[in-house]
Amino acid sequence: MGVDLGELVEPEEISFADLNDKVIAVDAMNTMYQFLSIIRQRDGTPLKDSDGNTTSHLSGLFYRSINLLEKNIRPVYVFDGKPPQLKAKEAKERRKKREEAREEWEKLKEEGKISEAYSKATQSSKLTGDMIEEAQKLLDAMGLPYIVAESEGEAQAAYMVQKGSVYAVGSQDWDCLLFGADVMVRNLTSRKTRKTSGGGRKEVSTEKIDLESVLDQLDISHEKLQWLGILVGTDFNPDGIYGIGPKTALELVKQYDSFDDLMEDDKVEWESDNDPDKILDFFQNPPVEDTDFEFESPDKEEIRNVLIEQHDFSEKRVNSGLEKLDTALESRQSGLDSFT
DNA sequence: CGAATTGA
DNA sequence: TCAATTCGG
């Protein structure tokens, strides 16, 4: 999950209209993982086709993308490439936790403890290679571009913002700020309320976070934000440092002029197997590449083939989605014409 | 999550 | 008509 800067930063609430005509590099893994965790039945079983393949992520991707296009927001999806060495150990721990959660889920489901089962199911979510492949097939059919990053998708997406080839990174993960994304957008969803654990309902709005404004608010440099992230915890040292939360971390980074000195502070007890200098270097020089992308017309027959023929989506629902897709792209076309 | 349906 | 609930695959 990475850094939690939520309590230090005041994001700017925006609406989809503020993103009109913008291209957004959407963190594909982050987004699909979200779909996979949330799009489930009440006992936690994800949506599946008749062959038993999970399809929750396809449903999410299809309808979400159409909603964005309807608002004239164009997503280019960025997938993770080869996981960095720094992530190896954490990946192993995650796998173990997932497997444990899956076992508990099965058990609770057997016992009929539906709501407890659901939360375990969420924790057992796993994006497989097949699921990623099917998602990419769907994006191809929809004419939406995607990029497979050299390494971390977050890093690639941040680089694309820096280059100016996209307006922002779309992700829930604050890490993209550490990678230097100038703008990030959170909660890129049309739904405006979310269920809380207590059974209540909470407002969620789309948020825009400018790196510059974050640095302003915290009154630190970008490098110190990276230090802060490492103290609080990143994908490469998920537990952060015991006893140091965002507030303490902010105070600490302001006290030092070099990372090495900071790491010598009495409060800093480094426990991760990863070398902190290597983590810092990864945020500063991640593997990224220059990749072009372009938007194409959707192939409706192929969309029907993937969703209806191969994955048992209902023809009626897919067709009404395709109609929305049509009107979205037509209005975009006429919008462009009026310019020329 | 987002679409479809329900019900006040 | 619209908020709440259920369905989708």
Side-chain angles (χ1 to χ4, degrees), chain A residues 1 15-17 19 24 26-73 75 77 105 109 114-115 117-128 130-135 137-139 141-142 144 170-173 185-207 298 300 302-328:
Chain A
M1 198 182 93
S15 68
F16 275 14
L19 297 173
I24 311 264
V26 176
D27 181 350
M29 297 300 186
N30 183 271
T31 302
M32 292 204 302
Y33 186 81
Q34 211 95 339
F35 290 146
L36 182 58
S37 309
I38 293 162
I39 305 179
R40 284 167 186 267
Q41 325 192 86
R42 258 191 301 273
D43 69 354
T45 310
L47 303 186
K48 293 181 195 184
D49 63 24
S50 55
D51 294 333
N53 304 306
T54 297
T55 54
S56 298
H57 62 304
L58 297 179
S59 176
L61 209 52
F62 180 62
Y63 296 114
R64 165 84 52 97
S65 299
I66 290 171
N67 278 331
L68 293 177
L69 291 168
E70 271 192 308
K71 294 287 156 55
N72 197 24
I73 302 167
Y77 289 93
W105 168 38
K109 202 168 53 170
I114 302 299
S115 64
Y118 187 96
S119 77
K120 286 294 167 192
T122 294
Q123 297 163 26
S124 73
S125 301
K126 162 83 173 128
L127 270 175
T128 66
D130 276 356
M131 292 164 69
I132 291 166
E133 213 174 289
E134 291 305 290
K137 208 191 284 181
L138 175 62
L139 292 175
M142 295 180 77
L144 295 174
S171 178
Q172 294 303 102
D173 241 331
V185 177
R186 304 183 80 229
N187 304 329
L188 209 47
T189 150
S190 60
R191 187 191 293 186
K192 290 309 168 210
T193 66
R194 184 178 293 168
K195 276 163 276 174
T196 59
S197 50
R201 195 164 258 101
K202 180 183 155 214
E203 295 288 322
V204 280
S205 43
T206 305
E207 298 171 346
K300 291 204 266 182
E302 178 61 9
I303 294 174
R304 282 196 195 93
N305 176 37
V306 172
L307 294 180
I308 303 171
E309 310 301 330
Q310 299 182 12
H311 295 296
D312 300 328
F313 277 58
S314 99
E315 186 166 6
K316 202 170 144 200
R317 280 174 181 244
V318 170
N319 284 339
S320 69
L322 291 178
E323 264 174 49
K324 292 210 302 182
L325 188 58
D326 260 346
T327 37

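We name chains A, B, ... by the order of the sequence lines, and we start the count at 1 in each one. Just so it is clear, the model here is predicted, and its values are computed rather than measured.
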Report task. Taking all heavy atoms of A/I24 and all of A/G170, pick out the closest pair and write down the distance. Result -> CG2-N, 3.5 Å
Query raised in the report: Can A/Y77 and A/T31 be said to form a side chain to side chain donor-acceptor pair (under 3.5 Å), step by step?
Result: CA-CA 9 Å; A/Y77 289 93; A/T31 302; over 6 Å; no
Report summary line: The side chain to side chain donor-acceptor pair (under 3.5 Å) partner of A/Q172 among A/N30, A/D27, A/N187 is A/N187
**Report entry** salt bridge (charged side-chain N to carboxylate O under 4.0 Å, His left out) contacts in which one or both residues fall within residues 59-73 of chain A, not counting sequence neighbours
**Finding:** A/E70-A/K324
Query raised in the report: Can you tell me how far the OG atom of A/S320 sits from the CD1 atom of A/I66, to the nearest 0.5 Å?
Result: 8.0 Å
Report task. Would you mind classifying the nucleic acid contact of A/S59 as base, sugar-phosphate or nothing, using non-hydrogen atoms under 4.0 angstrom? Result -> base
**Report entry** Listed once per pair and sorted, the side chain to side chain donor-acceptor pair (under 3.5 Å) pairs that draw on residues 43-52 of chain A, sequence neighbours left out
**Finding:** A/D43-A/T45, A/D49-A/N53, A/D49-A/H311, A/S50-A/D312
**Report entry** Nearest-angstrom distance from the residue atom CZ of A/F35 to C1' of B/dA3
**Finding:** 13 Å
Query - Set of side-chain hydrogen bond (donor to acceptor under 3.5 Å, both in side chains) partners for A/R40, sequence neighbours left out - result: A/S125
Query raised in the report: Of all of residues 62-73 of chain A, which get a heavy atom below 4.0 angstrom from DNA chain B, listed by number?
Result: A/Y63, A/R64, A/N67
Query raised in the report: Within this structure, what is the CZ-to-P distance between A/R186 and B/dC1, rounded to whole angstrom?
Result: 13 Å
Query raised in the report: Of the residues in residues 302-326 of chain A, which ones touch DNA chain B at a heavy-atom distance under 4.0 Å?
Result: A/K316, A/R317, A/S320, A/K324
Query raised in the report: Between A/A141 and A/E302, what is the shortest heavy-atom contact and its length?
Result: CB-CG, 3.5 Å
Requested in this report: Spell out, as yes or no, whether a donor-acceptor pair under 3.5 Å connects the side chain of A/T55 to the backbone of A/L58.
Outcome: no
Query - Straight-line distance of A/S37 OG to A/F35 CZ, nearest 0.5 Å - result: 11.0 Å
**Report entry** DNA chain B contacts among residues 36-55 of chain A, heavy-atom distance under 4.0 Å
**Finding:** A/I38, A/I39
